[in-house]
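Chain A is the first sequence line, chain B the second, and so forth, proteins listed ahead of strands; every chain is numbered from 1.
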Amino acid sequence: MERSNFIKTIIKQDIESGKHETIITRYPPEPNGYSHIGHAMGFINQYYLAKDFGGYTNLRFDDTNPVAEDTEFVDGIKSDMEWLGLKWKNLLFASDYFEEMYDRAVLLIKKGKAYVCDLNSEEIRKYRGDLQTPGKNSPFKDRSVEENLRLFESMRNGEFKEGTHVLRAKIDMASPNMNLRDPLLYRILFAHHHRTGDKWCIYPMYDYAHSIEDAIEGITHSVCSLEFENHRPLYNWVVAECEMKHIPRQIEYGRFNLTNTVTSKRFLRKLVEEKLVSGWDDPRMPTILGLKRRGFTPEAITEFILDIGLSKKGGVTEYAMLEQYLRQDLKLKAKRPMAVLNPLKVVITNYPENETEYVTGVWNQENEEFGSREIPFSRVVYIEREDFLEEKPNKKWKRLSLGLEVRLRHAYFIKCEEIIRDNEGNIIELRCTYDVETKSGSGFSERKPNGTIHWVDATAVKAEFRLYDVLLLDNGKEEYTDRMNPDSLKVINGLIESSLKDVNKYDQFQFIRNGFFNVDVDSNIEEGLYIFNRIVPLKSAFRK
RNA sequence: AGGGCUAUGGCCAAGCGGUUAAGGCACUGGACUUUGACUCCAGGAUCGGCGGUUCGAAUCCAUCUAGCCCUGCCA
């Protein structure tokens, strides 16, 4: 069924009524940090909202506050968006419009709609009143147009210190909407801008700048998050009073949240700075950098975001949903080799010594394009420790136990005959026998094994597995700091089948019965250092 | 003299006056299975509460309740 949401409904109506022919949206990040999955939702939605109707999206950096912004983030955000596979029509910057914004501000002054205010920030706050009390007019509100013009030019020319003067819209100090109590339009900032350098020392505020940017670009639907609802009257005021030809429409939707993780910029930075994670690209981070390194795919993320939908109700989506979209996407894309994370040696006593045969394993039975590989099989193999229990615990146990028979996937049935222990009683080896009649593919059907387990042979290669879990626990605590999952990363050493010797970084696999993994960038294949990130475990109906 | 917004099954979310109230995720059964995976079948809501309008309301009106946002020279 076609996805539907309230914004698409609005757009559809606007097209049917002839209000718009081409739909133009924009993704307006501020280049002051790394993007995360919440930002991805923003761009993905902006992109498809336009694309679904044959329109396009602009990527526009909202660089109106030089104090926080930097080119490093511009480049980072661009590459994040490219990785997601989203294409913008125009790459733009708010700073491209500084001159026009200035001219429009002069127009506002001439119309008597804006004035230079000499109050300092504390005074402005006092004059603004509060939620219950109306504000008072600034004593500078009634300056003459000429004086305002002169003062504003002096601001631009750097004749005043920071904080001494601002340009304000003349609206209504008694408005119940705080945003309309003569909001600031320009402030003085002697800061070096990453694109305009030192050309300007006055910078427009968001509400003023954003409206003009949208209008200049002909944005038809300026989609933003809920917290800007109260700003919409100001947005419309600026567009109207600045006499912009094109009138964009701002529409707000509920921002996306995910359980068991954070997208708070402040907290993410804290994680990095306090080394609670290895960096902005730590595979546990919800940053695009982190998701990429973890092995998440742009396709899964996009489908997930699009399926969540858009509404005016800000909700929290369960992390399990994202996981399932990953599995679905990777299912046919990944080969399905075998890896044993926690090896237990098995000696097949009735298999001839010094002999090796090869068994055929299809890479992915649901995607024949991958073909198959030949897996060496001989007297010694390794199985997963947890696939063996001395006694079958219950009728549902589908693994190996003493006296029981299981199939080694792609190979033979083996039967456990004896357990070898060390001095402390730990199981260190299993002695089994195999049945040559039961070879995989032979059509043997005389009896059923107690299950099928994965294994690796003696030529297996050592590998490190990094098993990730959610960053935050649901423990009822308020503070993120108190919700940190101590087990968000477990590193274990195991074995991968030797056919995986020539993998490449970022290659994705489904290790049979263990989950989806990718090759971490920390790997050094040439030197035999194999590191795998668990992208997501397989679902499991197994219960103790 | 506060204002704005939201409320549909555990989560997300369609629905726009007449439908047995879509779908996805989760969960529970069951089938299948050389991955306890995948796949397949089956299972659950009367729509925040109370009134009203209407032949008919999740959809319109009123009111109540709950939650979120707004008093940066941030965006």
Proximity to RNA chain B (any heavy atom under 4.0 Å), residues of residues 441-450 of chain A only
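Close to the strand are A/G441.
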
May I ask you to evaluate whether [X] reaches the phosphate of [N], defined as a side-chain N or O under 4.0 Å from OP1 or OP2?
| X | N | value |
| --- | --- | --- |
| A/R336 | B/C38 | no |
| A/R255 | B/C12 | no |
| A/K331 | B/U39 | yes |
| A/R128 | B/G2 | no |
| A/R513 | B/G36 | yes |
| A/K539 | B/C25 | no |
| A/T133 | B/A1 | no |
| A/S311 | B/A13 | yes |
| A/K313 | B/A13 | yes |

Under 4.0 Å between any heavy atoms, over every strand shown, what does [X] touch: base, sugar-phosphate, or nothing? Just pick one.
| X | value |
| --- | --- |
| A/W455 | nothing |
| A/L189 | nothing |
| A/I308 | sugar-phosphate |

In whole Å, measure the gap between the C1' atoms of B/A22 and B/C47 for me.
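Comparing C1' positions in B/A22 and B/C47 gives a spacing of 14 Å.
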
Starting the side chain at C-beta, find the nucleotide from [options] nearest to [X].
| X | options | value |
| --- | --- | --- |
| A/Q328 | B/C16, B/A75, B/U39 | B/U39 |
| A/L184 | B/A75, B/C73, B/A37 | B/C73 |
| A/D130 | B/A14, B/C11, B/U71 | B/U71 |
| A/M321 | B/A14, B/G36, B/C25 | B/C25 |
| A/I512 | B/U35, B/G24, B/C73 | B/U35 |
| A/K398 | B/G36, B/C25, B/G4 | B/G36 |
| A/T452 | B/U35, B/G2, B/C73 | B/U35 |

How close do A/T297 and A/L326 get, heavy atom to heavy atom, and via which atoms?
N-CD1, 3.7 Å

Spacing of A/E2 atom CD relative to B/G24 atom P, expressed in whole Å:
17 Å

Nearest-angstrom distance from the residue atom CG of A/N230 to P of B/U6:
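Whole-Å distance recorded here is 12 Å.
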
If we ignore angles and hydrogens, is there a donor and acceptor under 3.5 Å between the side chains of A/R26 and A/S222?
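On atom types as modelled, these side chains qualify, holding a pair under 3.5 Å.
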
Can you see whether A/E405 engages A/Y434 through a side-chain donor-acceptor pair at a distance of less than 3.5 angstrom?
no

Sequence neighbours excluded - side-chain hydrogen bond (donor to acceptor under 3.5 Å, both in side chains) pairs with any residue from residues 257-269 of chain A
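Sorted result for residues 257-269 of chain A: A/N32-A/K265.
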
Ignoring hydrogens and angles, are the base of [N] and the side chain of [X] linked by a donor-acceptor pair under 3.5 Å?
| X | N | answer |
| --- | --- | --- |
| A/Q510 | B/U35 | yes |
| A/R232 | B/G4 | no |
| A/Q324 | B/G24 | no |
| A/R181 | B/U71 | no |

Would you call [X] and [Y] a salt bridge, taking side-chain N to carboxylate O under 4.0 Å as the test?
| X | Y | answer |
| --- | --- | --- |
| A/D207 | A/R232 | no |
| A/E369 | A/K335 | no |
| A/E16 | A/K12 | no |

Just to be sure I understand: a Watson-Crick pair is purine N1 to pyrimidine N3 plus N6-O4 or O6-N4, both under 3.5 Å. Using that and G-U wobbles, which stems of three or more pairs involve RNA chain B?
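The stems are B:2-7 with B:65-70, B:10-12 with B:23-25, B:27-31 with B:39-43.
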
Point-to-point distance, once rounded to the nearest 0.5 Å, from CG of A/L258 to CG of A/L322
5.5 Å

Its glycosidic angle compared against 90° from 0, B/G72 adopts the form syn

With the side chain counted from C-beta on, respond yes when A/R447 and A/D435 share a heavy-atom pair under 4.5 Å apart, and no when they do not.
yes

Mark yes or no for whether A/R181, through its side chain, and A/R128, through its backbone, hold a donor-acceptor pair below 3.5 Å.
yes

